[in-house]
Amino acid sequence: MSDKKKYRGKDFIRQMIHHDVDSGVNDGRLATRFPPEPNGYLHIGHALSICINFGIAKEFDAPCYLRFDDTNPAKESDEYVNSIMEDVKWLGFDWGNDLAHASDYFDSIHEFAIELIEKDLAYVDSQTSEEIKNSRGTLNAPGTKSPYRDRPISENLGLFDRMKNGEFENGEHVLRAKIDMSSPNINLRDPIIYRILHLDHQRTGSKWCIYPMYDFAHTLSDAIEGTTHSLCTLEFEDHRPLYEWFLDNLDLPTRPRQIEFSRLNLEHTITSKRKLADLVVSGHVSGWDDPRMPTLSGLRKRGYPASAIKEFCNRVGITKKDKTIEMSLLESTVREELDSSCNRVMAILNPLKVTIKNYPEGETEMLDARNHPKDKEMGSRQLPFSQNILIEKDDFMESPNEDFFRLSPGAEVRLRYAYIIRCDEVIKDENGEIVELICSYDPETKSGTGTSNKKVKSAIHWVSSDHSVSGNVNLFETLYNDPNPDSESPINQNSMVEIHNPAFEKSLVDAVVGSRFQFERNGYFILNTVEDERLSFNRIVTLKDTWAKIQKKKG
RNA sequence: UGGGGUGUAGCCAAGCGGUAAGGCAACGGGUUUUGAUCCCGUGAUGCGUAGGUUCGAAUCCUACCACCCCAGCCA
């Protein structure tokens, strides 16, 4: 059977890897790597790369290196290193002993640079950056050779050594690979492989004042540590000939193969470290972990489970086609995960006072409520019921349409896990604002007793106001209304709305920070903080809302 | 206009010469003490376009079109 048939249904990268492993490339060994530059926080796009690199390695019981591409000390920091490690761990991946840094290889990389010089395949260029830029040519026109291109090997060796020893200023010289100034691929027009940077490095301190460029460092890091498959995004596709040029011309222990896949874009969000950093610096968000950010730390704060992120990446798939995924796919994945795992609980976001006039004043009874409608194993809790309750403002309409089947004057509705009530009277303030409903309950309709055959069109949630817990809730929407935002796009003014006056059912006093709940009919929420017995929740995602859809359709 | 890529439904995505899987979305309907969940049903005579090869083409060939990436001493 051909490999194509054998691995049908797998993504193209897995097909290639299976083929390589089966046919004994690199002795049938597999090793991948996830190589972030520690110059920002990881975002949802990186999650796909993490799932690919760590995921495939896991399937083969092979190593996946977490390797920091730390070759530019001007932009990098330990804060980012730490956040990246935390995020990878959060996603549930373990690099074990395979933690690496490009900077770990600086000595070797330096040696390989000398090897290139000795082979007359690299030279020290002493042009200014402006001159180098001007001689590189354009997309349509070839470049021109540097006047320093034919420097004798010994002179190059001496100059490169003096660069290393700090005898020159930034920009005075660079080391360039000697390839082809007229190549149609600009990456091959004598790319710079080392530059002078008088800057301390977070790991190597002041040891170096020359640092390798990405293409050189990345290729060599892969080869030195034994990575066999270097999986990266599409923008590096035309760097592959350079990657291979290094492999062809240097004496290296392994021959890694670079394979490119398309990056993941999400509607209504930006996934560019640069632009995300701008949001943080400008103060549009509270930080890299703002719950509206598409960063992994933001999604975590928002309450998205790591398992849902991974499943999302799974559903998105791996191809070379440019893709912008709709929010609905992410949200449905999150809901699916939360639906089965979250306890149900009742909370009123916009309270409307209800007095049940025929219920004994001052009396409280405890009602049994299941924590999950489908999973008995998740248990139940006792809800206090009393004469004074709170319902959601939206669950009452004074002059309802036919398709509104909640509470309205004279209409009956079930209070979930409690009784059926009827609205008898509407009380308004001097502005005509509805401030209270006077209702009566039917004692025969107590939940679970089966003593009444009465049918009502809906059941609404409620909280006993005498027993409620207070706090606040943050409701989030996407940071941009524009499905394909750029840096000019305005921030969605409703991206964060705080609800100041919610009422939570009593059982929530025992909730621990970080736990997730479904507030029945309202959505999924995570407990963010508890201060002075006040609970602060973040909304993770809404429930699907058919009612909202009906209203929207009617305009 | 040089080079490198990519085009299958609104968004993803299988397919690999034998007659278009699946998910999300949308739209119907059923169950429901969450307008949730769950269940059932509906969408391509068509695979960027036009030709060609073949008994047979999304799959092979040719031409064209559209879109993305590349001219940092960033990664």
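Labels below follow one simple rule: chain letters A, B, ... track the order of the sequence lines, proteins then strands, and each chain is numbered from 1. Because the structure is predicted, anything quoted here is derived from the model rather than measured.
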Could you check how far [atom1] of [X] sits from [atom2] of [N], rounded to whole Å?
X: A:E392; N: B:U34; atom1: CD; atom2: C1'; answer: 12 Å
X: A:H19; N: B:C16; atom1: NE2; atom2: C1'; answer: 14 Å
X: A:I550; N: B:G35; atom1: CD1; atom2: P; answer: 11 Å
X: A:K10; N: B:G15; atom1: NZ; atom2: P; answer: 11 Å
X: A:K133; N: B:C70; atom1: NZ; atom2: P; answer: 15 Å
X: A:R189; N: B:C73; atom1: CZ; atom2: P; answer: 13 Å
X: A:I132; N: B:C74; atom1: CD1; atom2: P; answer: 11 Å
X: A:K455; N: B:U32; atom1: NZ; atom2: C1'; answer: 10 Å

Which nucleotide in the set [options] lies at the smallest distance from any side-chain heavy atom of [X]?
X: A:E520; options: B:U34, B:C24, B:A75; result: B:U34
X: A:M213; options: B:C12, B:A75, B:A25; result: B:A75
X: A:R344; options: B:C12, B:A36, B:C74; result: B:A36
X: A:R195; options: B:G35, B:A75, B:G4; result: B:A75

Pairwise [atom1] distance, [M] and [N] [rounded to whole Å]:
N: B:C24; M: B:U37; atom1: P; result: 11 Å
N: B:A21; M: B:A9; atom1: C1'; result: 14 Å
N: B:C60; M: B:C70; atom1: C1'; result: 31 Å
N: B:C73; M: B:G2; atom1: P; result: 24 Å
N: B:C16; M: B:C27; atom1: P; result: 34 Å
N: B:C65; M: B:G28; atom1: P; result: 43 Å
N: B:U19; M: B:A25; atom1: P; result: 31 Å
N: B:C39; M: B:U32; atom1: C1'; result: 11 Å

Distance-only polar pair, side chains of [X] and [Y], donor-acceptor under 3.5 Å:
X: A:S230; Y: A:D222; value: yes
X: A:Y41; Y: A:E79; value: yes
X: A:N265; Y: A:K323; value: no
X: A:Q518; Y: A:Y524; value: yes

At under 4.0 Å, does any side-chain N or O of [X] touch on OP1 or OP2 of [N]?
X: A:R263; N: B:U6; result: no
X: A:K321; N: B:C67; result: no
X: A:K75; N: B:A75; result: no
X: A:R8; N: B:A21; result: no
X: A:T319; N: B:C12; result: no
X: A:R136; N: B:C73; result: yes
X: A:S332; N: B:C24; result: no
X: A:K374; N: B:A36; result: no
X: A:K544; N: B:G35; result: no

Exercise. Starting from the C-alpha separation in whole Å, work towards a yes-or-no answer on ring pair (Phe, Tyr, Trp, His ring centres under 6.0 Å) for A:Y194 and A:Y211.
Key: CA-CA 6 Å; A:Y194 257 99; A:Y211 293 95; 8.5 Å; no

Practice problem: Return the nucleotide paired to B:U37: Watson-Crick means purine N1 to pyrimidine N3 with N6-O4 or O6-N4, wobble means G-U with N1-O2 and O6-N3, both under 3.5 Å. | Solution: none

Self-check item: Earlier contact from the 5' end, RNA chain B, for A:L234 and A:K549
Solution: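 Whichever sits nearer the 5' end wins; that is A:L234.
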
Quiz item: Nearest nucleotide by nearest heavy atom, which residue falls closer to the 5' end of RNA chain B, A:K457 or A:K553?
Solution: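 Its nucleotide being nearer the 5' end, the pick is A:K553.
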
Quiz item: Do A:Y214 and the base of B:A75 stack face to face, with centres under 5.5 Å apart and an angle between planes under 30°?
Solution: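 No, A:Y214 does not stack on the base of B:A75.
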
Donor-acceptor pair under 3.5 Å: do we get one between [X]'s side chain and the base of [N]?
X: A:K320; N: B:U6; answer: no
X: A:R521; N: B:U34; answer: no
X: A:E260; N: B:G5; answer: no
X: A:R240; N: B:G4; answer: no
X: A:N185; N: B:G4; answer: no

Quiz item: For A:E520, which of A:H461, A:R344, A:R416 qualifies under side chain to side chain donor-acceptor pair (under 3.5 Å)?
Solution: A:R416

Exercise. Could you check whether the rings of A:H101 and A:F68 sit parallel, tilted or perpendicular, using 30° and 60° as the cut-offs?
Key: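 If you compare the ring of A:H101 with that of A:F68, the planes turn out parallel.
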
Exercise. Classify the ring geometry between A:Y214 and A:H218 as parallel (under 30°), tilted (30 to 60°) or perpendicular (over 60°).
Key: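 Tilted, since the angle between the ring planes falls between 30° and 60°.
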
Quiz item: Syn or anti for B:G72, with syn set at within 90° of 0?
Solution: syn

